[in-house]
K.L.:
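Mind looking over this structure? Questions follow.
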Amino acid sequence: MTYYLIDYENTNNNGLKGSRELRKNDRVFIFYSENASKINLDFLASHGKAKISAIKVPVKKQSLDMHIASYIGYLIGKNKGKNHERRFVIISQDNDYDNIIEFWRKRDIDISRRESISKSIEHEYEKPEYSILEVELFRILDNQAETEAVINIVERCTSKMAINNSLVHRYKDTKRAGEIYNIIKPYINDKT
């Protein structure tokens, strides 16, 4: 689960780039004030599967920064001890957040600052333990266990036809199997 806290006054619509890739377990909190209250309606129409909330804050010096910093602390405390891995991403170009990020990282919290949602998603899979195929699959499967199951099918099957048949058998839905196969196809050129 990833929590995105967007400093909308700082990023405007640019911070929302990549929102179509969001998963159903992602949460987006858009912090705004009267100084930046116009949001791109395309985002509201196509923000992936994430849940979004808009939080209006009063216009004061550093008001958005303080509200976001406070809310990060609230979310971290609220999620302490939960079984599922949590990520926290501040979407802003403002490096004033970096001290807060450093504070939480020293306490083993997965937190970062990015300029947009898309930059955050790219960074999420820069870890070497993820292959490019795993990243692509995870974006549509929204589940690590399913991603691993599909990777297992790709590794186990010796032909493209066997992979396709295994996907159809697993998902019992040719349309869904076709979506997954289209993601896999560029990575299995070595199979007959």
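Just so it is clear, the model here is predicted, and its values are computed rather than measured.
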K.L.:
Can you give me the closest heavy-atom contact between Trp104 and Gly73, atom names plus distance?
P.N.:
CZ2-CA, 4.0 Å
K.L.:
Of Ile30, Ile6, Ile117, which is the lone residue that meets side chain to side chain contact (heavy atoms under 4.5 Å, CB included) with Thr11?
P.N.:
Ile6
K.L.:
Using side-chain heavy atoms (C-beta onward) and a distance below 4.5 Å, is Ile101 in contact with Arg105?
P.N.:
yes
K.L.:
With no hydrogens and no angle check, is any side-chain donor or acceptor of Asn182 less than 3.5 Å from a backbone partner on Gly178?
P.N.:
yes
K.L.:
Quick check, are the ring centers of Tyr71 and Phe29 under 6.0 angstrom apart?
P.N.:
yes
K.L.:
Evaluate the side-chain contact (heavy atoms from CB on, under 4.5 Å) criterion for residues Leu137 and Ile180: first the C-alpha distance (whole Å), next the side-chain angles of each, then the deciding distance (0.1 Å), finally the verdict.
P.N.:
CA-CA 7 Å; Leu137 287 170; Ile180 297 167; 3.9 Å; yes
K.L.:
In Å and rounded to the nearest 0.5 Å, what is the OH to CG distance from Tyr3 to Asn25?
P.N.:
9.5 Å
K.L.:
Could you check whether atom NZ of Lys60 has more than 12 heavy atoms from other residues, nucleotides or ligands sitting under 6.0 Å from it?
P.N.:
no
K.L.:
Donor-acceptor pair, Ser33 side chain versus Val57 backbone, under 3.5 Å?
P.N.:
no
K.L.:
NZ of Lys56 to OG of Ser63: how many Å apart, nearest 0.5 Å?
P.N.:
11.5 Å
K.L.:
Val150 versus Ile183: any side-chain heavy-atom pair under 4.5 Å?
P.N.:
no
K.L.:
When the side chains of residues 154-165 are checked against the rest of the protein, which donor-acceptor pairs come out under 3.5 Å, sequence neighbours left out?
P.N.:
from, atom 1, to, atom 2, distance (Å)
Ser159, OG, Ala162, N, 3.1
Asn165, ND2, Met161, O, 3.4

K.L.:
Is there a donor-acceptor pair closer than 3.5 Å between any side-chain N or O of Arg87 and the backbone N or O of Met1?
P.N.:
no
K.L.:
Return the CD1 to OH distance between Ile55 and Tyr8, rounded to the nearest 0.5 Å.
P.N.:
15.0 Å
K.L.:
In sequence, state the C-alpha distance, the side-chain angles, and the governing distance for Leu167 and Ile184, and then conclude on side-chain contact (heavy atoms from CB on, under 4.5 Å).
P.N.:
CA-CA 11 Å; Leu167 291 171; Ile184 295 168; 3.9 Å; yes
K.L.:
Regarding Glu102 and Arg113, does a basic nitrogen lie under 4.0 Å from an acidic carboxylate oxygen?
P.N.:
no
K.L.:
Would the number of heavy atoms belonging to other residues, nucleotides or ligands and lying under 6.0 Å from NZ of Lys185 be above 12?
P.N.:
no
K.L.:
Can Arg170 and Ile153 be said to form a side-chain contact (heavy atoms from CB on, under 4.5 Å), step by step?
P.N.:
CA-CA 10 Å; Arg170 179 172 184 83; Ile153 288 171; 4.0 Å; yes
K.L.:
Excluding sequence neighbours, so at least two apart, what forms side-chain contact (heavy atoms from CB on, under 4.5 Å) with Asp94?
P.N.:
Asn10, Asp65, Ser92, Asp96, Tyr97
K.L.:
Stepwise, does the side-chain contact (heavy atoms from CB on, under 4.5 Å) test hold for Ile188 with Tyr181?
P.N.:
CA-CA 10 Å; Ile188 56 173; Tyr181 185 79; 4.0 Å; yes
K.L.:
I'd like to know if the side chain of Arg176 and the backbone of Lys172 have a donor-acceptor N/O pair within less than 3.5 Å.
P.N.:
no
K.L.:
Please list, chain by chain and in numerical order, all residues satisfying salt bridge (charged side-chain N to carboxylate O under 4.0 Å, His left out) with Asp7, sequence neighbours excluded.
P.N.:
none
K.L.:
Do Tyr171 and Glu146 pass the side-chain hydrogen bond (donor to acceptor under 3.5 Å, both in side chains) test, and can you show the C-alpha distance, the side-chain angles, and the key distance before you say yes or no?
P.N.:
CA-CA 11 Å; Tyr171 292 98; Glu146 280 300 305; 2.6 Å; yes
K.L.:
Side chains of Phe31 and Leu5, heavy atoms from C-beta outward: is any pair under 4.5 Å?
P.N.:
yes
K.L.:
With rounding to the nearest 0.5 angstrom, report the OG1 to CZ distance, Thr2 to Arg27.
P.N.:
10.5 Å
K.L.:
Here's one to test your reading of the geometry: is the NZ or CZ of Arg86 within 45 degrees of the ring axis of Phe88 and under 6.0 Å from its centre?
P.N.:
no
K.L.:
Hydrophobic clusters here meaning ILVMFWY residues chained together by side-chain heavy-atom distances under 4.5 Å, can you tell me if Met66 and Tyr32 are in one?
P.N.:
no
K.L.:
Following the transitive rule for hydrophobic clusters with a side-chain heavy-atom cut-off under 4.5 Å over Ile, Leu, Val, Met, Phe, Trp and Tyr, establish whether Leu141 and Tyr187 coincide in one cluster.
P.N.:
yes
K.L.:
Using only atom types and a distance under 3.5 Å, with no angle test, would you say the side chain of Lys80 pairs donor to acceptor with the backbone of Gly77?
P.N.:
no
